Amino acid sequence: MYQTRTLSKLMNRPAFAEAVRSIQSMPQCSALDLNSFLVLPMQRVMRLRLLVAAVLHYTPKSSPAYHSGLTALASLETLISECNSQKGHMEQKERLVTLSSQLEFKPTLRGVGTGSRDLIKE
């Protein structure tokens, strides 16, 4: 995951690591580390999708709650699909930047990993 790798790189900086430790010790963080704040939101969305699906399974199809649940489930599926798509796009961008750093460019050329470029084949 892009955020986890970036966090690992940043934690190698002593000032950043100290600031993170200071923030994590605050009661508002509930003793969670920064990585938890990066991963937990997506895990919660996935669990919510499972919960809505389970509730729908036991809700009578004639109930208005069933139709609301279907709408909620469709919205969650759309959100999850978009998140997965963006995750793939971000991983592709990260790979492009890595490849770009391994190539030499003339000073007048822009880097490969910029703008709206996509990696088609490596």
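These numbers come from a predicted model, not from an experiment. We use all heavy atoms of the structure for the numbers below, so side chains are in, but hydrogens, waters and symmetry mates are not.
The distance from atom OG1 of T59 to atom NE2 of H67, rounded to the nearest 0.5 Å, is 11.0 Å. Taking CD of Q24 as the start and CG of L34 as the end, the distance is 6.0 Å to the nearest 0.5 Å. The CD1 atom of I80 sits 5.5 Å away from atom CE of M42, with the distance rounded to the nearest 0.5 Å. In this structure, CG on L38 lies 11.5 Å from CG on L32, to the nearest 0.5 angstrom.
Both M46 and L56 are part of a single hydrophobic cluster, where members link through side-chain heavy atoms under 4.5 Å apart. Under the 4.5 Å side-chain heavy-atom criterion for Ile, Leu, Val, Met, Phe, Trp and Tyr, L40 and I23 are members of distinct hydrophobic clusters.
At least one donor-acceptor pair closer than 3.5 Å links the side chain of T78 to the backbone N or O of A74. For S22 (side chain) and E18 (main-chain N/O), no donor-acceptor pair under 3.5 Å exists by modelled atom type.
Contact annotation: the side chain of L10 never approaches that of V20 to less than 4.5 Å [non-hydrogen atoms, C-beta and beyond]. A 4.5 Å side-chain heavy-atom check between L7 and M11 finds at least one atom pair inside the cut-off.
Sorted by first then second residue, the side-chain hydrogen bond (donor to acceptor under 3.5 Å, both in side chains) pairs that include residues 32-44, not counting sequence neighbours, are D33-S36.
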Exercise for the section: Any chance you could lay out the salt bridge (charged side-chain N to carboxylate O under 4.0 Å, His left out) test for E91 and R95, step after step, and finish with the verdict? Expected result: CA-CA 6 Å; E91 288 171 349; R95 186 66 188 135; over 6 Å; no
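Listed here is the closest heavy atom pair of V52 and A72: CG1-CB, 4.5 Å.
Atom CZ of R13 has 12 or fewer neighbouring heavy atoms from other residues, nucleotides or ligands inside a 6.0 Å radius.
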